Every structure is written in structure tokens, then in C-alpha cells.
Colleague: 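The following block contains the structure, expressed as C-alpha cells.
Note that the coordinates shown come from a computational prediction; the quantities given were computed from them, not determined experimentally. In each ligand, atom 1 is the first atom listed, and ligand 1 is the first ligand listed.
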Amino acid sequence: MKTLLHFLFLLCFNILLPAVHSQCIKDQQQSLLYLKKSLQFDPLSCRTPLISWNSSTDCCSWRGVTCNGDGHVVGLDLSTESIVGPIPGSFANFSNLRELYLGSNYISGPIPGFFANFSKLTSLSLRDCQLHGTFPKEIFQVPTLQTIDLSGNFKLGGSLPDFPKNNGSLQSLILRNTNFSGSLPESISNLKMLSTIDLFKCNFTGSIPSSLFSLPLLSQLNLSHNQFSGELAFSNVSSNLVTLDLSFNNLEGQIPVSIFNFRGLQSLRLSSNNFNAFPINSPQQLKYLTNIDLSENHIQGKIPHWIWSSNQLDSLNLSCNSLVTLEPTLYNSTVKTVDLHSNQLQGQIPTFLPFAKYLDYSINNFYSFFSFSSNNLHGLIPASICNVPNIQILDMSNNSLSGMIPQCLTAIRDISVLNLERNKLTGTISNVEVSKDSSLEILEIGRNQLRGQVPKSLAKCTELKVLNMGNNNITDSFPCLLKSISTLRVLVLRSNNFYGGIECLNTNGTWPGLQIIDLAHNNFRGEIQGILWRTWQKMMVTKDGSQLTIKGHKLRKIYNYHSLTDRGNYRLNKALTESGLMAPTDINKDLTDRGNYRFNKDKNPTNRGSYRFEEVSLGFEYGISITVTNKGSEMNLVKILSIFTLIDFSCNNFSGPIPKEMGEFKSLHVLNLSRNAFTGEIPSSFGNMSLLESLDLSQNKLSGHIPPQLGNLTFLSFLNLSNNQLVGMIPTSTQFSTFPKASFTGNKRLWGPPLTVDNKAVLSPPPT
Ligand SMILES: *[C@@H]1O[C@H](CO)[C@@H](O)[C@H](O)[C@H]1NC(C)=O
Ligand SMILES: *[C@@H]1O[C@H](CO)[C@@H](O)[C@H](O)[C@H]1NC(C)=O
Ligand SMILES: *[C@@H]1O[C@H](CO)[C@@H](O)[C@H](O)[C@H]1NC(C)=O
Ligand SMILES: *[C@@H]1O[C@H](CO)[C@@H](O)[C@H](O)[C@H]1NC(C)=O
Ligand SMILES: *[C@@H]1O[C@H](CO)[C@@H](O)[C@H](O)[C@H]1NC(C)=O
Ligand SMILES: *[C@@H]1O[C@H](CO)[C@@H](O)[C@H](O)[C@H]1NC(C)=O
Ligand SMILES: *[C@@H]1O[C@H](CO)[C@@H](O)[C@H](O)[C@H]1NC(C)=O
Ligand SMILES: *[C@@H]1O[C@H](CO)[C@@H](O)[C@H](O)[C@H]1NC(C)=O
Ligand SMILES: *[C@@H]1O[C@H](CO)[C@@H](O)[C@H](O)[C@H]1NC(C)=O
Ligand SMILES: *[C@@H]1O[C@H](CO)[C@@H](O)[C@H](O)[C@H]1NC(C)=O
Ligand SMILES: *[C@@H]1O[C@H](CO)[C@@H](O)[C@H](O)[C@H]1NC(C)=O
Ligand SMILES: *[C@@H]1O[C@H](CO)[C@@H](O)[C@H](O)[C@H]1NC(C)=O
């Protein structure tokens with residue numbers, strides 16, 4: 001019977017266990033059980049910790065345990081086992097371990113020195129724990145060690161030791177997101193087997209040893225976000241290098257010409273340093289580059305031809321440098337995303353067109369975003385830019401472009417955003433044509449010298465959200481044709497020659513989402529009927545409903561491709577929330593959580609993931625910038641568009657009473673009706689505009705008392721009622737007591753603080 005049981009027992013094991021299996025030696029089992037006992041586990045964890053570690057079974061079959069042929073434990077994988085507290089001394093019993101994985105636990109405290117005595121150790125991972133203190137240097141020198149991963153222990157630090165010659169088999173050194181510091185020892189080049197070095201976001205200083213670049217097998221080098229300084233000097237290089245990331249350091253001088261010797265380089269990131277020059281051209285080419293990011297340096301002069309030479313090139317970022325010239329490229333570039341913003345590039349846009357043509361060769365389902373903003377461009381806008389396939393965002397704002405807007409530009413069917421603001425464009429816009437099924441959502445042509453009338457064809461833009469024609473010389477009546485566009489959120493007609501009334505009698509259209517309407521500095525006139533305001537619901541609701549999105553569905557589709565990096569995520573979040581293009585809730589749902597999660601899961605985020613991300617990020621760094629006058633000074637609305645509401649009718653000839661219906665604008669932040677000919681009393685309903693921050697009714701013909709209800713406006717921080725015909729006592733309220741005299745002067749029969757010290761009427765007008 002005993003033998004039968006024994007037989008069954010063995011049979012059972014032979015079925016359950018892998019074929020190559022040996023039974024655990026008794027003392028190994030004891031050591032493991034002792035270890036289990038000495039470990040602390042998170043009491044809130046849902047799983048019973050190490051449940052398979054049961055003395056009635058063979059310890060070589062326990063979860064996370066690997067034995068060698070004679071039953072010695074050679075591998076322990078206790079990752080994500082909810083272990084808390086310090087690493088217990090009982091690990092010292094396993095000095096024959098080859099692999100030890102303790103990552104993703106809540107292990108804290110320092111790392112014990114006895115690991116340095118594990119003379120067969122090949123892999124050690126303590127990633128994503130909460131270790132702190134100084135890492136024992138000797139562990140780096142265990143000669144069998146191939147992989148060491150201490151990443152994600154923000155408080156774990158120390159410096160790297162000297163590595164002896166001809167010793168060490170280290171292949172991966174992963175210290176990202178730790179507090180390792182000091183300089184990189186020159187002797188790191190003794191580790192001839194190194195292929196991955198990831199020191200992203202540590203605290204290393206000093207210069208980067210040139211010998212590092214000659215490590216023969218090195219393929220991934222990420223030293224981004226440290227404090228490396230000095231010039232980069234190396235000549236002998238590893239031709240196996242695939243990714244080189246030295247971004248966010250303090251490196252300076254010329255980018256060395258020897259980078260051309262990294263024949264297989266796919267990703268080159270040197271952004272956010274102090275480099276000042278490109279390497280001169282080389283006979284060699286970097287044929288496999290997909291991603292070049294040299295942004296935020298001080299690189300001067302011209303953009304070299306070689307930059308276009310890779311026929312894999314997908315993304316090029318040279319923004320925020322001091323580049324001056326761009327020559328036509330000699331190559332057929334496949335580049336999809338180019339960011340040249342914030343340079344001093346001069347000359348005419350045609351120099352860009354080679355790659356516009358080349359874009360024809362690529363698969364073009366991607367978002368095309370072109371920003372030439374703030375680049376000192378002058379000359380005409382070349383009509384050939386319209387040939388760029390799939391162009392969706394074109395931002396040429398803030399240059400010195402002149403001449404007319406090419407007819408073809410607005411006629412591009414897929415263009416969503418066209419920003420030509422702040423240029424020197426001339427000519428009439430009356431005949432500007434948009435395509436029948438236009439996708440135009442944002443059209444900004446403000447601050448130019450455009451003439452003529454509002455183009456009739458704009459009525460076809462059924463998705464238009466932002467129309468900014470301010471500061472031009474447009475002569476027209478109020479564009480009632482826009483009334484049919486129910487999506488309109490922002491209308492800026494400021495500083496033109498618009499005239500006549502603003503009622504649109506022949507249309508039933510409404511603007512339920514209108515947030516900003518700026519008609520200031522025109523020749524509008526006539527009375528405003530109360531009924532008009534009723535159709536601007538956005539200004540009446542206190543809870544913010546829908547957010548401004550651009551082609552939301554298309555972009556979301558792109559997001560799904562990404563494995564977002566911390567930095568990427570941060571930047572995208574920032575860009576999206578600041579531009580007001582998407583509600584933070586959307587970001588959380590569709591991006592942050594999932595993006596982060598995926599990134600954490602995915603140990604090796606591909607380049608592809610990150611560059612595609614860059615692409616979207618670029619697209620969305622396009623903010624809507626509208627300059628309006630608020631509280632007497634100009635302000636930029638990039639950051640707050642999604643919650644900001646404004647009515648500015650100042651400097652026109654509006655007359656008659658101010659409609660009491662305006663009091664229903666419970667979401668209005670800024671109201672400016674100054675310098676018109678309004679008469680009658682200030683409606684007491686104004687006391688209901690509970691979010692009002694700025695109210696300017698100055699220089700009208702308003703009469704009667706100031707309604708005491710205005711004292712209820714607790715957010716009001718700017719008030720100007722001066723130069724009217726108001727009478728009586730200024731209401732006393734906490735809010736009113738903060739306004740200066742100037743808010744009330746020029747009303748002959750107005751009295752009380754702050755105009756007069758006491759609360760008695762004065763017969764003579766107060767001095768101004
Ligand atoms: C393991 O280590 C502990 C102390 O850390 C010791 O008491 C024990 O005897 C060792 N050996 C075994 C087989 O548990
Ligand atoms: C070990 O396993 C046996 C049988 O599978 C079970 O009865 C026993 O309760 C387990 N012991 C512990 C400590 O989990
Ligand atoms: C490492 O092993 C040596 C020799 O066996 C011993 O003297 C030393 O104390 C051990 N170090 C640690 C930290 O356990
Ligand atoms: C990082 O290390 C430095 C010393 O190099 C120390 O002053 C600092 O407190 C450490 N930071 C953390 C978060 O542990
Ligand atoms: C490598 O270093 C270890 C300890 O530092 C030493 O025991 C071993 O002999 C060295 N091996 C070689 C090949 O130099
Ligand atoms: C880098 O080191 C400095 C001091 O050496 C310390 O103040 C700083 O917190 C460290 N940075 C990080 C990210 O730990
Ligand atoms: C470059 O590398 C070769 C081979 O590894 C070596 O012989 C030569 O001395 C190195 N040259 C320099 C300047 O380091
Ligand atoms: C370096 O690490 C950072 C952070 O994960 C990442 O964004 C970057 O893409 C890495 N560099 C390369 C070239 O892979
Ligand atoms: C660029 O593309 C054109 C058109 O396909 C082709 O005729 C030309 O040979 C290409 N030039 C290079 C340098 O590949
Ligand atoms: C504006 O246009 C009118 C004619 O429409 C013209 O008389 C006037 O000179 C223009 N003003 C400027 C500043 O160009
Ligand atoms: C306005 O609406 C009414 C009723 O819905 C309709 O009869 C009339 O034709 C509409 N007017 C215009 C200009 O669309
Ligand atoms: C608004 O102000 C009036 C007069 O000062 C006061 O009677 C009234 O209660 C206030 N209303 C609210 C909602 O605070």
C-alpha cells in the first residue's frame with residue numbers, strides 16, 4: 001500500500017511537473033521556508049502570499065523557484081508578490097543564485113552587501129521598489145553579472161565603481177529613475193559586453209567618457225535627464241548603436257562628426273542641451289535614422305543636407321534653436337513631421353517644398369501638422385503648399401508673410417486649422433472660397449492688412465468653432481451668414497470697419513456654444529434687442545458642458561498607437577489641458593491611465609511608439625491664442641479657452657437701453673460695453689452674473705442709480721462705470737469698497753465712498 005501511494009505520488013508529480021525536473025534538496029526547502037517566514041507581505045494584498053510554498057510539495061515546483069539539475073535553488077522570482085519592508089538576511093542562504101527578481105514590490109530600506117558574495121549571479125532586478133540609501137558598489141563587480149536593473153527606486157543612489165580590466169560580463173545596466181550620481185568612470189569601457197545602458201533621470205555629472213562610445217556591442221544608450229556637461233568628444237565608435245539619447249543635459253560645443261560612424265543609428269536625441277553647431281557634412285550617411293530631435297539647443301547657421309538623408313526619416317525636430325537657413329534638400333525625404341518653430345529661419349517657404357512633394361511617397365493616413373510659426377518668414381505664401389497631402393493643421397502665424405491668401409489654401413477639404421495670424425497679408429478676402437464639405441474648425445487671419453467683406457463661402461464651414469478676423473481692414477455689415485454655424489465658439493471681428501446693426505432678422509440660427517464675441521472698435525450701431533442674447537446658452541450655464549475638441553475621433557485613434565513615456569505623457573497632458581482642446585477627463589480616460597499602464601507593462605517601448613507620440617504632441621501644442629482686452633490690458637487666451645467667456649462691444653455706436661436679459665449670462669467672465677451710446681439704467685439683473693470678473697460700462701449715457709445687486713458680484717475685480725449720468729449713492733458692499741475712485745468718476749450726481757469720504761450727497765461734482 002505504501003509503495004502504491006508512493007508510486008501514485010511520483011506519477012502525480014511526473015504529470016504535474018515539467019519533464020526536466022529534479023527534487024528540491026531538503027536544506028534548500030528549509031531555507032526557502034525560512035525565507036518565506038522572514039518576508040513581510042502587504043496585509044491588504046488580495047492574494048495569499050507564496051501559497052504554493054507548502055512543505056508537502058517539492059520546493060522546486062514552487063512558484064518563482066528554479067532549481068538546477070541537482071536540486072539547488074538557482075533562481076528566485078518574487079516580483080509583484082506584495083512584499084513589504086526591508087530585504088531580510090535570510091536571502092544570504094542562497095549564495096548560489098543565478099537570477100534574483102524582486103521587482104515591483106514595496107521593498108524598502110537599503111540593499112544588503114551580501115549579494116556581492118553571490119558569485120554566480122547573472123541577473124539582479126530590484127526595479128520599481130522603494131529602496132533607499134547607497135547601493136553597495138561591490139555588487140556591480142560580481143564578475144558573472146549580466147543584467148542589473150535597479151530602475152524606479154527614486155531614493156536609491158551611490159556612484160559607480162571602477163571596473164577592472166578584462167573582467168565583468170555585464171550586458172545591461174539599467175538605473176533609470178534612481179538617485180545614482182557622481183561621474184561615469186572611464187573604466188566602464190572595460191565592460192566589453194555592455195549593450196544597454198539606461199541612466200535616464202539619474203543624477204550623474206561630469207563629462208561623458210569617450211570610451212563609452214567605443215563599447216563594441218553597445219546598442220542602446222540613454223543618458224537623458226542627467227547633469228552631464230562639457231563637450232562631446234569621441235572618435236572610435238560602436239557601429240552597433242541603435243538609439244542614442246543624451247537629451248536634457250548640459251552638453252555643449254559642436255555635435256561631433258563621429259556620430260556618422262554610428263552606421264546603424266535609428267534614433268538620435270540631443271535635445272535640451274547647449275550644443276551650438278551641427279557637424280559638417282560627412283561622406284557617410286545615417287541611413288536608418290527615423291527620429292532626430294535636436295530641439296532646444298543653441299544650434300546656429302544652416303540646416304545641413306545630411307539631416308534629410310535617411311530614407312527612414314519620420315520625425316525631425318529642430319525647434320528652439322538659432323537656425324537661419326534651410327536649403328532645398330538633395331534627398332527624397334519621407335519625413336512626416338517637421339518642427340522648426342522658434343528659430344530665425346529666413347527666406348521663402350518654397351525651400352520647404354521638396355519634402356512636401358516627397359510626402360506623396362509615404363503612407364499618408366497620418367495627421368499632418370505644419371508649423372512655421374514665429375520664423376521670420378517673408379514673401380508670398382506659395383500656392384504649392386496646397387499640394388501637401390492630408391494637411392490638417394497649418395500654422396504660419398507670427399511671420400512677415402505678405403501678399404494674398406492663396407485661394408487654394410482655404411479650399412483644402414481636410415484642413416481643420418488654418419492660422420495666418422500676425423503677418424502682413426494684404427488684398428481682399430471677399431472671394432475666399434472654402435470647399436463644399438470643408439473641415440475648417442479654426443480660421444485665424446487676425447492682425448493682417450486684409451480688406452473686403454467676410455467671405456460668403458464661410459457659411460459652408462459647418463464645423464467652424466473659432467473665427468478670428470480681428471485687426472484688419474474689413475468693411476462689411478455684421479456677418480449674419482455665420483448664424484447658421486451652430487458650432488461657433490469664438491468670433492473676433494475687433495478693430496475693423498464693420499458697420500450697422502447686429503440683429504440678423506432673416507435667420508433662425510443660434511450660437512448655443514458661443515464663448516467669446518469681440519466686436520470692439522468698429523462702427524456697429526443701433527439698439528440691441530433682448531431676444532438676441534437668449535440664443536447664447538453657453539454664457540448662461542454655470543457648469544461647463546462640452547469642451548472644444550478638434551477632430552476628436554481622428555486624434556483619439558492615433559493615441560491608441562502610443563506607448564507614452566513619462567515625459568511624453570506629461571507634455572501631452574500639459575499641451576492638451578493648456579490649449580483647452582480636450583477635457584482633462586478625456587485625457588485620463590483615453591491617455592494617461594492606459595498610456596502609463598501600457599508603458600509600465602511594456603518593458604521595451606519601441607521608437608515607433610514614441611515618435612508617433614511626438615507627432616500628436618506637436619499637433620496639439622497648437623493652442624488657440626486669441627488676444628483680447630480684459631481689465632484694460634491685453635491677455636492671451638491659450639490656457640483658459642475652454643472655460644473663458646467674454647463679450648466685448650466697446651468702441652462702437654450701440655444705443656438704447658442695455659437689455660435686462662443680459663443678466664442671464666451666469667457664466668460670463670468679462671463684459672465690456674464701454675464707449676458706446678447706451679442709455680437708461682444699468683439692469684438690476686446684472687446682479688445675477690455671478691461669475692463676472694470684469695465689467696466696463698464707462699463712457700455711455702447711462703442714468704439712474706447703480707443697482708445695489710451689483711454688490712452681489714463676488715468675483716468682480718474690475719469695474720468701470722465712469723463718465724455716465726449715474727446718480728445717487730454708490731452701493732456699499734465688501735466688493736464695492738475695493739474699487740478705486742476712477743471706477744465712478746465723471747458721473748456728476750454720484751456720491752458716497754470712494755468718491756466722497758462721507759455718505760452725504762455733495763452738490764458740486766467731485767474733483768476728478
Ligand atoms: C538561513 O539563514 C538564517 C539566518 O539568516 C539561519 O538562521 C539559517 O540557519 C540559515 N539556513 C537555513 C537552512 O535556513
Ligand atoms: C499544504 O498543502 C496541503 C495539501 O495540498 C494542505 O492540506 C495544507 O493546508 C497546505 N499547508 C499550508 C500551510 O498551506
Ligand atoms: C562575503 O564573503 C566573505 C568570504 O566568504 C565574507 O568574509 C564576507 O563577510 C561576506 N560578505 C558579506 C557582506 O556577507
Ligand atoms: C540623492 O543623493 C543626494 C546625494 O548624492 C542626496 O543629497 C539626496 O538627498 C538624494 N535624494 C534622494 C531623493 O534620496
Ligand atoms: C575578476 O574579478 C574577480 C573579483 O574582482 C576576481 O576574483 C577574478 O579573478 C577576476 N577575473 C579575471 C579574469 O580577471
Ligand atoms: C541630485 O543631487 C542633488 C544634490 O547632490 C540633490 O539635491 C537632488 O535632489 C538630486 N536629484 C534627484 C532627482 O534626486
Ligand atoms: C580604436 O579602436 C581600435 C580597435 O578597437 C583600436 O585599435 C584603436 O587604438 C582605437 N583608437 C583610438 C584612438 O582609441
Ligand atoms: C530614453 O528614455 C526616455 C524615458 O523613458 C525615453 O523617453 C527615450 O525615448 C529614451 N531614449 C531612447 C533613444 O529610446
Ligand atoms: C527622388 O524621387 C524622384 C521621383 O520619384 C526620382 O526620380 C529621383 O531619382 C529620386 N532621387 C533620389 C536621390 O532618390
Ligand atoms: C481700409 O480700407 C479703406 C477702404 O475700404 C481704405 O480707404 C483705407 O485706407 C484702408 N485703411 C488702411 C489702414 O489700410
Ligand atoms: C425660421 O423658422 C421658422 C419656423 O421654424 C420657419 O418657418 C422659417 O422659414 C425659418 N426662417 C429662416 C430664415 O430660416
Ligand atoms: C443681492 O443683493 C440684494 C441687495 O443688496 C439683496 O437684497 C439680495 O439678497 C442679494 N441676492 C443674493 C442672491 O445674494
Colleague: Which of the numbered atoms in ligand 8 are under 4.0 angstrom from any heavy atom belonging to Phe200?
Modeller: 2 (O), 3 (C), 4 (C)

Colleague: Taking distance alone, with N or O pairs closer than 3.5 Å, would you say Asn179 contacts ligand 4?
Modeller: yes

Colleague: I need the atoms of ligand 4 closer than 4.0 Å to a non-hydrogen atom of Ser181, numbered in the order shown.
Modeller: 5 (O)

Colleague: Thr475 heavy atoms, cut-off 4.0 Å: which ligand 10 atoms fall inside?
Modeller: 5 (O)

Colleague: Could a heavy atom of Ser267 be found less than 4.0 Å from some atom of ligand 8?
Modeller: yes

Colleague: I'd like to check atom 9 (O) of ligand 10 in this structure: does the protein have a heavy atom lying under 4.0 Å from it?
Modeller: no

Colleague: What are the atoms of ligand 8, with element, lying closer than 4.0 Å to any heavy atom of Arg269?
Modeller: 8 (C), 9 (O)

Colleague: Evaluate whether atom OH of Tyr288 has more than 12 neighbouring non-hydrogen atoms of other residues, nucleotides or ligands under 6.0 angstrom away.
Modeller: no

Colleague: From Leu294 CG over to Ile299 CD1, what is the distance, rounded to the nearest 0.5 angstrom?
Modeller: 5.0 Å

Colleague: Looking only at protein heavy atoms, which one is nearest to atom 1 (C) of ligand 10, and what is the separation?
Modeller: Asn473 ND2, 1.4 Å

Colleague: Could you state the interatomic distance from CG (Leu145) to OG (Ser172), rounded to the nearest 0.5 Å?
Modeller: 10.0 Å

Colleague: To the nearest 0.5 Å, how far apart are CG in Asn297 and CG in Asn276?
Modeller: 9.0 Å

Colleague: Measuring from atom CG of Asn448 to atom CD1 of Ile429, what distance do you get when rounded to the nearest 0.5 angstrom?
Modeller: 10.0 Å

Colleague: Hey, what do you get for CZ (Phe649) to CG (Asp518), rounding to the nearest 0.5 Å?
Modeller: 9.0 Å

Colleague: Aromatic ring centroids of Phe135 and Phe115 under 6.0 Å?
Modeller: no

Colleague: Below 3.5 Å, N or O to N or O, backbone or side chain included: is there any such pair between Asp245 and ligand 8?
Modeller: yes

Colleague: With a cut-off of 6.0 Å (strictly less than), are more than 12 heavy atoms of other residues, nucleotides or ligands near CZ of Phe260?
Modeller: yes

Colleague: Under 3.5 Å between some N or O of ligand 10 and some N or O of Arg451?
Modeller: no

Colleague: Show me which atoms of ligand 8 lie under 4.0 Å from any heavy atom of Asn222.
Modeller: 1 (C), 2 (O), 3 (C), 8 (C), 10 (C), 11 (N), 12 (C)

Colleague: Touching ligand 8 at all, Arg176? Heavy atoms, strictly under 4.0 Å?
Modeller: yes

